Amino acid sequence: MSVELEELYQQVILDHSRRPRNFGEVADADVQVRGDNPACGDEIHLTAKFGGDGSFQDIKFRGQGCAISLASASLMTMKLKGKSRNEAEQLIESFHNLITGTDSSSSGPKLGDLQVLNGVRKFPQRVKCAMLAWRAAEQALQQPQGQSTVSTEVETD
Ligand code: ZN
């Protein structure tokens with residue numbers, strides 16, 4: 001394993017991939033999103049319940065895949081739980097900027113432990129792994145009821 005890859009698998013990532021937080025399904029979920037990352041084989045099933053104000057009252061996930069995808073999903077649920085719609089949208093954008101390396105300012109919301117995932121910016125395929133859960137959460141905000149699916153592969157036709 002290269003030094004760069006070793007940097008990816010830091011302690012926090014290993015911990016969250018082995019013992020994912022908020023793993024399971026939200027009872028009486030308002031929304032279910034199934035996410036796929038065919039490039040790596042990662043799958044996620046995100047369930048969420050929204051408060052009357054549109055905030056993430058509860059959010060859980062089930063999934064299988066690489067350590068990066070699981071750790072990112074675990075860290076994400078901890079971060080988004082209890083957040084308002086607006087805060088959640090800002091976090092999703094900040095995280096995307098962090099791992100794609102386009103973040104040029106520090107004005108966004110604090111990402112805390114999620115910073116450990118910034119090593120993926122060097123590996124485009126890994127960016128898809130890290131973004132999978134976040135794309136599912138984004139989809140949940142866009143369509144806050146029922147079931148939907150997302151994929152990291154852009155449909156071309
Ligand atoms: Zn993956």
Side-chain angles (χ1 to χ4, degrees), residues 1-50 55-83 85 88-89 91-101 111-157:
M1 190 181 283
S2 72
V3 174
E4 279 187 330
L5 264 177
E6 280 178 358
E7 279 174 16
L8 273 179
Y9 291 85
Q10 292 171 41
Q11 204 55 45
V12 177
I13 295 173
L14 283 174
D15 178 43
H16 278 271
S17 62
R18 285 172 182 162
R19 294 187 301 120
R21 318 301 198 271
N22 299 307
F23 198 80
E25 240 170 85
V26 175
D28 307 320
D30 293 313
V31 62
Q32 299 181 37
V33 183
R34 206 176 93 86
D36 273 313
N37 178 23
C40 181
D42 306 318
E43 291 176 9
I44 187 172
H45 181 238
L46 190 78
T47 48
K49 191 168 178 58
F50 293 104
S55 64
F56 273 112
Q57 190 178 309
D58 203 0
I59 178 168
K60 289 185 181 181
F61 81 102
R62 263 191 222 288
Q64 54 186 22
C66 67
I68 298 289
S69 69
L70 292 173
S72 185
S74 173
L75 286 159
M76 181 194 79
T77 55
M78 290 177 72
K79 204 72 188 174
L80 293 187
K81 196 169 176 175
K83 293 291 192 297
R85 184 185 179 86
E89 282 171 351
L91 281 163
I92 292 168
E93 192 186 342
S94 283
F95 182 72
H96 183 257
N97 290 342
L98 171 79
I99 63 166
T100 54
L111 291 170
D113 278 354
L114 288 162
Q115 307 264 12
V116 302
L117 288 163
N118 73 359
V120 304
R121 67 174 63 171
K122 287 178 266 180
F123 307 95
Q125 289 303 320
R126 289 298 187 177
V127 168
K128 291 180 181 176
C129 300
M131 275 309 293
L132 179 61
W134 297 77
R135 293 216 183 283
E138 196 174 41
Q139 176 65 27
L141 287 170
Q142 279 167 13
Q143 189 192 314
Q145 280 203 318
Q147 298 182 22
S148 54
T149 58
V150 288
S151 173
T152 55
E153 301 300 318
V154 180
E155 309 280 341
T156 50
D157 52 34

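Computation of the quantities below employed the complete heavy-atom set of this structure, encompassing side-chain atoms and omitting hydrogens, waters and symmetry-equivalent molecules. Not measured: the values here are computed from a predicted model.
The distance from the OG atom of Ser72 to the CG atom of Leu114 is 7.0 Å, given to the nearest 0.5 Å. Note that the OG atom of Ser17 and the CG atom of Leu75 stand 10.0 Å from one another [nearest 0.5 Å]. With rounding to the nearest 0.5 angstrom, the CG atom of Leu70 is 9.0 Å from the CD atom of Gln64. To the nearest 0.5 Å, atom NZ of residue Lys79 and atom CD1 of residue Ile59 are 13.5 Å apart. Rounding to the nearest 0.5 angstrom, the gap separating the CE atom in Met131 from the CZ atom in Phe95 is 7.0 Å. Between the CG atom of Asn22 and the CE atom of Met76 there is a distance of 9.5 Å, given to the nearest 0.5 Å.
The number of heavy atoms from other shown groups lying within 6.0 Å of CD (Gln143) is above 12.
Applying the side chain to side chain donor-acceptor pair (under 3.5 Å) rule to Ser74 yields the partners His16; only residues at least two apart in sequence or on another chain are considered. For Glu138, there are no side chain to side chain donor-acceptor pair (under 3.5 Å) partners two or more places apart in sequence or in a different chain.
Between Val26 and Lys60, the shortest heavy-atom distance links the atoms CG2-N, 3.6 Å. Val120 and Ala130 get closest at one heavy-atom pair: CG2-CB, 4.2 Å. Glu153 and Ala39 make their closest contact through OE2-CB, 3.6 Å (heavy atoms, listed as atom of the first residue, atom of the second, distance). Taking all atoms of both residues into account, the shortest heavy-atom contact from Lys128 to Thr152 is O-CG2, 3.6 Å. In this structure, Lys83 and Ala88 approach most closely via the heavy-atom pair CB-N, 4.3 Å. In terms of heavy-atom proximity, Leu46 sits nearest to Phe61 at CD1-CB, 3.9 Å.
Side-chain atoms of His96 and Trp134, non-hydrogen and from C-beta on, never get closer than 4.5 Å to each other. You'll find the side chain of Phe123 stays beyond 4.5 Å of the side chain of Ile68, heavy atoms only. The shortest side-chain heavy-atom distance between Cys66 and Asp42 falls under the 4.5 Å cut-off. Contact annotation: the side chain of Phe56 never approaches that of Thr77 to less than 4.5 Å [non-hydrogen atoms, C-beta and beyond]. A heavy-atom distance below 4.5 Å is not found between the side chains of Arg62 and Ile44. For the pair Val33 and Val31, the minimum side-chain heavy-atom distance is below 4.5 Å. In this structure, Pro38 and Ser151 have side chains that are in contact, with non-hydrogen atoms separated by less than 4.5 Å. Using a 4.5 Å heavy-atom threshold, the side chains of Leu98 and Leu111 count as touching.
Salt bridge present: Lys81 and Asp58 bring a charged side-chain N and a carboxylate O closer than 4.0 Å.
Of the residues listed (Arg34, Gln32, Gln139), the one engaging Ser148 in a side-chain contact (heavy atoms from CB on, under 4.5 Å) is Gln139, and it is the only one.
Sorted by first and then second residue, the salt bridge (charged side-chain N to carboxylate O under 4.0 Å, His left out) pairs with a member in residues 68-78 form an empty list; sequence neighbours excluded.
With Arg85 contributing its side chain and Leu141 its backbone, the two residues share a donor-acceptor pair below 3.5 Å.
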